[in-house]
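Report on one structure; see the data block that follows.
Side chains are part of it too, since the values below use all heavy atoms of this structure and drop only hydrogens, waters and symmetry mates.
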Amino acid sequence: MKAKLSRMKHHLQLPEEKDQGELKSGIENEAPEPTDDETAFRALGFEPFYFENERAFRKRVIYPYESAQDKQLVEDMKHIHAFWQDDLQDHPLSFAGKPLDRLLFFDTETTGLSTGAGNVIFLIGYARLMANGIEVTQHLLESPASEAAFLSGFLDDFHEEDYLVSYNGKSFDWPQVKSRHAFIRKQLPKLPAFGHIDLLHSARRLWKDELPSCRLAIVEENKLSLKREGDVPGSLAPLLYFEYLTNKKPHHLSGIIAHNDQDVRSLISLYALIAKKIIYPLEDSASAKEHLAIGAWFEKLKKFDWAERHFKQAIKRAQQPLPTVYYQLGSLYKKMKKPDLAVKYLDQALMEGTFPPIETWIERAKLAEHFEKDIEKAYYFAQQGLSILKKREKLGHKANLLAYKKDLNNRLKRLEKKRHS
């Protein structure tokens with residue numbers, strides 16, 4: 001009841017009272033006298049704040065741009081920001097129209113790995129690129145009874161102008177925030193609309209066939225050359241938080257707080273790394289397989305010119321024949337209505353390597369029939385494709401072969417009729 005009356009003060013005050021500032025808005029209560037248990041939180045860098053007689057803790061740290069690596073990261077992000085303003089504004093990684101300091105590199109720690117009602121967020125962290133350094137802000141839930149204060153602290157910082165950058169945040173972190181907000185939404189402002197970039201999807205596109213896993217720690221070690229020493233893994237977060245709730249000793253959370261801090265800062269470096277590979281195809285920053293994956297991504301986005309650049313770079317950087325690249329480029333030229341180039345690269349795919357994609361034979365048969373007007377050649381490519389397909393079946397290759405077999409059989413029957421008509 002006291003909390004409700006406190007909120008109503010703002011609506012009851014007279015205009016002249018508002019001008020004079022005689023009454024508080026009710027959004028955040030005045031802090032009571034400090035208590036002994038705050039000392040342990042302050043030792044971890046957290047300061048208390050209050051909302052409707054509830055207490056939560058917040059920490060802000062600035063990491064100055066001191067090392068050459070830090071300064072290069074800032075320059076890279078400035079160039080990336082300028083690029084999105086001028087080109088590829090609708091790319092999934094673009095934040096065109098937003099200031100650089102509105103990017104919120106965001107992560108949470110929770111009491112479980114599900115998004116169910118019983119799962120609680122106890123730590124929210126985010127990093128921003130500020131003029132004087134990387135600012136990391138963390139909000140800590142003192143107890144489940146203080147969830148309104150905990151989330152209000154985050155919402156005070158988070159606005160519609162922000163652009164979230166996360167790692168699996170679209171599937172896990174943000175749905176979790178929405179779920180917890182739904183339980184206490186009457187006490188809190190509504191969640192703002194915002195843009196959201198999830199780097200897990202990009203990492204999987206580039207490295208799912210290269211890395212044993214696309215967990216952030218593995219990507220950090222293999223792609224950012226960052227190996228954490230003495231890190232407390234996120235999987236231990238629930239145990240550490242429950243231990244803290246049992247004995248009320250905040251130092252048990254120090255490891256997971258440091259883990260979260262590193263996570264959000266790593267997201268900045270990871271974003272810069274992926275974006276540079278995508279928007280600077282002529283620089284020596286991506287491998288042949290990465291160029292192939294990026295080219296396929298651009299092709300899916302119908303950015304054919306960009307797809308062409310990356311496929312060509314994949315061919316240039318390949319240390320051994322990659323028939324898949326020739327197939328992708330030939331297929332792309334077919335979509336671009338450049339049949340001569342499509343024929344050239346599809347033929348190259350059939351000559352390079354032992355296992356060109358089975359689709360190469362199908363696409364080559366189509367071009368022979370409809371572009372070259374050579375029914376015998378079309379029949380040959382379809383027949384060869386079916387023969388190769390049967391060999392792969394014997395080797396245990398099953399993926400998508402049934403649909404290809406049906407296509408080739410139907411194509412051969414139709415071409416057979418044309419041969420004898």
Side-chain angles (χ1 to χ4, degrees), residues 45 59-89 91-107 124-138 157 161-169 173 195-207 211 214-229 231 257-287 290-291 294:
K59 175 182 181 180
R60 294 195 200 276
V61 179
I62 288 284
Y63 294 91
Y65 304 126
E66 294 179 338
S67 70
Q69 186 177 9
D70 291 339
K71 293 173 183 176
Q72 184 60 54
L73 175 61
V74 177
E75 289 304 307
D76 287 343
M77 288 298 293
K78 287 179 179 178
H79 291 152
I80 292 165
H81 180 236
F83 177 88
W84 293 135
Q85 301 297 101
D86 298 331
D87 210 337
L88 294 177
Q89 294 186 6
H91 190 277
L93 292 187
S94 170
F95 55 97
K98 299 290 183 181
L100 187 56
D101 62 4
R102 300 316 302 184
L103 281 186
L104 216 68
F105 295 88
F106 170 87
D107 190 35
I124 293 176
Y126 42 92
R128 292 183 191 271
L129 285 159
M130 309 299 283
N132 57 338
I134 295 173
E135 180 189 80
V136 175
T137 304
Q138 291 175 297
D157 272 358
E161 309 89 68
D162 290 321
Y163 217 97
L164 225 60
V165 183
S166 68
Y167 202 80
N168 198 31
D173 297 271
H196 192 162
I197 296 168
D198 192 331
L199 293 180
L200 176 61
H201 304 310
S202 304
R204 282 177 173 163
R205 284 183 184 276
L206 268 62
W207 305 310
L211 300 179
C214 282
R215 287 192 301 110
L216 182 57
I218 291 176
V219 172
E220 279 181 347
E221 184 173 348
N222 288 274
K223 297 301 174 181
L224 299 177
S225 300
L226 174 61
K227 187 171 177 62
R228 301 193 189 192
E229 299 293 341
D231 179 59
I257 290 167
H259 171 90
N260 177 265
D261 180 292
Q262 182 61 65
D263 275 354
V264 295
R265 286 185 291 129
S266 290
L267 290 180
I268 303 176
S269 299
L270 181 59
Y271 177 86
L273 175 71
I274 294 174
K276 285 168 62 181
K277 290 178 184 292
I278 289 170
I279 66 181
Y280 300 136
L282 299 182
E283 290 188 4
D284 189 18
S285 62
S287 68
E290 287 170 341
H291 279 298
I294 296 168

Next item on the list: Take Leu103 and His81 through the test side chain to side chain contact (heavy atoms under 4.5 Å, CB included) and record every step on the way to the result.
Entry: CA-CA 11 Å; Leu103 281 186; His81 180 236; over 6 Å; no
Margin query: side chain to side chain contact (heavy atoms under 4.5 Å, CB included), that's the test. Do Ile274 and Trp207 meet it? Break it down for me.
Written below: CA-CA 11 Å; Ile274 294 174; Trp207 305 310; 3.8 Å; yes
Next item on the list: Would you check, one step at a time, whether the test side chain to side chain donor-acceptor pair (under 3.5 Å) holds for Tyr126 with Asp157?
Entry: CA-CA 10 Å; Tyr126 42 92; Asp157 272 358; 2.6 Å; yes
Note to self: For a side chain to side chain contact (heavy atoms under 4.5 Å, CB included) check, start with the C-alpha distance between Ile124 and Phe106, then their side-chain angles and the critical distance, and finish with the verdict.
What the structure shows: CA-CA 8 Å; Ile124 293 176; Phe106 170 87; 3.6 Å; yes
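When atom types are taken as modelled, the side chain of Asp173 and the backbone of Asp107 share no donor-acceptor pair closer than 3.5 angstrom. Checking side-chain atoms of Lys277 against main-chain N and O of His291 turns up no donor-acceptor pair under 3.5 Å.
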Name each donor-acceptor pair under 3.5 Å that joins a side chain in residues 91-100 to protein atoms two or more places apart or in another chain, with its distance.
from, atom 1, to, atom 2, distance (Å)
His91, ND1, Leu93, N, 3.0
Ser94, OG, Gln89, O, 3.0
Ser94, OG, Ala96, N, 3.1

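In terms of the side chain to side chain donor-acceptor pair (under 3.5 Å) criterion, His79 has no residue partners (sequence neighbours excluded). With sequence neighbours excluded, no residue satisfies ring-ring contact (aromatic ring centres under 6.0 Å, His included) with Tyr167. Judged as a side-chain contact (heavy atoms from CB on, under 4.5 Å), and not counting sequence neighbours, the contacts of Arg215 are Ser213, Ala217, Ile218. A search for side chain to side chain donor-acceptor pair (under 3.5 Å) contacts involving Asp263 returns Arg228, His259, not counting sequence neighbours. The ring-ring contact (aromatic ring centres under 6.0 Å, His included) check on Tyr65 picks up nothing, with sequence neighbours excluded.
Shortest non-hydrogen contact noted between Asn260 and Gln138 is OD1-NE2, 3.0 Å. Heavy-atom minimum distance, Cys214 versus Ala203: SG-O, 3.9 Å. When every heavy atom of Asp70 is checked against every heavy atom of Pro64, the shortest pair comes out as OD2-O, 3.7 Å. Residue Asp101 comes nearest to Leu129 through the heavy atom pair CB-O, 3.4 Å, listed as atom of the first residue, atom of the second, then distance. Here the closest heavy-atom approach between residue Leu73 and residue Ala272 is recorded as CD1-CB, 3.7 Å. Contact between Arg128 and Asp162 at its shortest, heavy atoms only, is NH1-OD1, 3.0 Å.
Of the inter-residue distances, the one linking Phe105 atom CZ with Ile197 atom CD1 reads 7.5 Å to the nearest 0.5 angstrom. Annotation: the span from Lys78 atom NZ to Asp76 atom CG amounts to 11.0 Å, rounded to 0.5 Å. Between the CG atom in Leu216 and the CG atom in Leu270 there is a gap of 6.5 Å [rounded to 0.5 Å]. Rounded to the nearest 0.5 angstrom, Ile257 CD1 and Gln262 CD are separated by 14.5 Å. Rounding to the nearest 0.5 angstrom, the gap separating the OG atom in Ser266 from the CG atom in Leu226 is 5.0 Å. Rounding to the nearest 0.5 angstrom, the gap separating the CD atom in Gln69 from the OG atom in Ser269 is 6.5 Å.
At a threshold of 4.5 Å between non-hydrogen side-chain atoms, the residues Lys223 and Leu206 do not count as touching.
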